[in-house]
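Accompanying notes for the structure given below.
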Amino acid sequence: MVTPPLPPAKASADDLLDWYDRHRRALPWRALPGTTPDPYRVWMSEIMLQQTTVRAVKPYFEKFLTLFPTVSDLADAPTDAVMTAWAGLGYYSRARNLHACAKAVVERHGGVFPADESALRALPGIGEYTAAAIASIAFGLPAVVVDGNVERVIARVHAVEEPLPGAKPLIKRLTAAIAPAERPGDFAQAMMDLGATICTPKSPACGLCPWREPCTGRREGTADTFPRKTPKREGVPRRGAAFVALREDGAILLGTREPKGLLGGMAEVPGTVWSSDHDATGVDHGAPLPAAWKRSLGTVTHVFTHFPLELDVHVARIPAGTDAPAGLRWVATTALGGEALPSVMRKVVEHGLAALGVDARQR
DNA sequence: CACGCGTGGCC
DNA sequence: TGGCCAAGCGT
């Protein structure tokens, strides 16, 4: 007589927490087992980790904690200091909201983060995910934390056929059904660690997974095909020109972008608008000041989330003593590290200075 | 709800 | 190498 096959085991929080206790990673913002987490550090890390890898976040987290040890220090800091410290990390609205949130915590809550999911949710830059993450990790509240990792893990465990983002409500219910009453913060972090290290987007290490037995995707050999996603449209390429003006004393001309929108509030090299109309870019039309502009060889390319950008870089040497046009300023090339220059603009400066024959060691 | 919003690493 | 992806939020 043959024993009928048992129904698959249900994914259990205990199995996941056991795995977490054995593989917990030490991270700068993560409290040691048995110690109380610091909500300021938890919040700071959660904002920085939005759409950003742990590797990229680490040095910025350390820098911010050194520059702004408490939420009050951050609230009192000038905007320029916050934006400059954030430069290079991307998604700059996070930095503006970080600053606004620090001020709101001081004004609304006396400088103490509220131990309440809806009060957290009402703060700038804190959405559904981040409010739940802070509530569970910093305060031990039973919030249901669903980020991209959790979506992937749950979609595989249950072989969810509905594509994202439509499947979000279903995935949240499935997550809530597994979540334990105890250790909600550790459970949330365990789910995210599992997604980041084992249940990865490509080539998941199913053999090492604490949920390899109950996982439907694993059993059917289709784990790596989840989660399903609705295809998104591709962006139309845009082009423009940028102007690197090098004065004899070694300064270049910079401006500041509009406070909102793409690269809002960040520093930039002056240039034309970026347009998808291929005829829109004149040769040196849009130069910030009259000079013997010369188009440099090649272009600077940069790919944003929603469109690729190609910039022609024009260069000119400017006589000493020339004043900056309205809205622009001269900045020594040796002082560019103190500017809130996004990566695309660092590429432009590098490209322009190389075309002008400035030695890399002088930059 | 679909879209706008950076950057760096991966194969 | 180019396309995909990473602990989302605001509008």
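Keep in mind that what you see is a predicted model, and the values were worked out from it rather than measured. A, B, ... follow the sequence lines: proteins, then strands. Residue 1 opens every chain.
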For [X], answer base if it contacts any base atom (sugar-phosphate contacts may also be present), sugar-phosphate if it contacts only those atoms, and nothing otherwise; contact means non-hydrogen atoms under 4.0 Å.
X        : value
A/Glu128 : sugar-phosphate
A/Leu27  : base
A/Ile47  : nothing
A/Gly264 : nothing
A/Asn97  : sugar-phosphate
A/Arg257 : nothing
A/Val344 : sugar-phosphate

Starting from [atom2] on [N], measure out to [atom1] on [X] and report it in whole angstrom.
X        : N      : atom1 : atom2 : answer
A/Asp193 : C/dA6  : CG    : P     : 15 Å
A/Arg121 : C/dC9  : CZ    : P     : 7 Å
A/Lys347 : B/dG6  : NZ    : P     : 14 Å
A/Arg96  : B/dC5  : CZ    : P     : 10 Å
A/Arg55  : B/dG9  : CZ    : C1'   : 8 Å
A/Asp147 : C/dC5  : CG    : P     : 15 Å
A/Met48  : C/dC9  : CE    : C1'   : 16 Å
A/Tyr92  : C/dG10 : OH    : P     : 19 Å

Any [X] side-chain N or O less than 4.0 Å from OP1/OP2 of [N]:
X        : N      : answer
A/Arg152 : C/dA6  : yes
A/Tyr91  : C/dG10 : no
A/Thr130 : C/dC9  : yes
A/Ser343 : B/dT7  : yes

Closest to side chain of [X], choosing from [options]:
X        : options              : value
A/Lys229 : B/dC5, B/dG9, C/dA6  : C/dA6
A/Pro201 : B/dT7, C/dC5, B/dG9  : C/dC5
A/Gln50  : C/dG8, C/dG3, B/dG6  : C/dG8
A/Thr52  : B/dG6, C/dG10, B/dT7 : B/dG6
A/Pro165 : B/dT7, B/dA2, C/dC9  : B/dA2
A/Leu262 : B/dC5, B/dT7, C/dG8  : B/dC5

Kindly compute the distance separating CD (A/Glu151) from NZ (A/Lys172), expressed to the nearest 0.5 Å.
-> 11.0 Å
Do A/Arg94 and A/Gln50 have side-chain N/O donor and acceptor atoms under 3.5 Å apart?
-> no
Under 3.5 Å side-chain donor-acceptor pair for A/Thr256 and A/Arg329 = yes
When you measure from the side chain of A/Ser296 to the backbone N and O of A/Val313, does any donor-acceptor pair fall under 3.5 Å?
->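 Indeed, once roles are kept as given, a pair shorter than 3.5 Å links the two residues.
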Name the residue closer to the 5' end of DNA chain C, choosing between A/Arg30 and A/Ile126 according to the nucleotide with the nearest heavy atom.
-> A/Arg30
Assert: residue with more 5' nearest nucleotide on DNA chain C, out of A/Pro124 and A/Arg25, is A/Arg25
Should we count NZ of A/Lys347 as having more than 12 external heavy atoms under 6.0 Å?
-> yes
Just say parallel, tilted or perpendicular for the rings of A/Phe64 and A/Trp86, cut-offs at 30° and 60°.
-> perpendicular
Pairwise P distance, C/dC4 and B/dC3 [rounded to whole Å] | 16 Å
What integer number of Å spans the P atoms of C/dT11 and B/dG6?
->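 14 Å, rounded to whole Å.
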Under a 3.5 Å limit for both distances, which nucleotide forms a Watson-Crick or G-U wobble pair with B/dC1, could you say?
-> none
Quick one: do A/Glu128 and A/Lys168 make a salt bridge, cutoff under 4.0 Å?
-> no
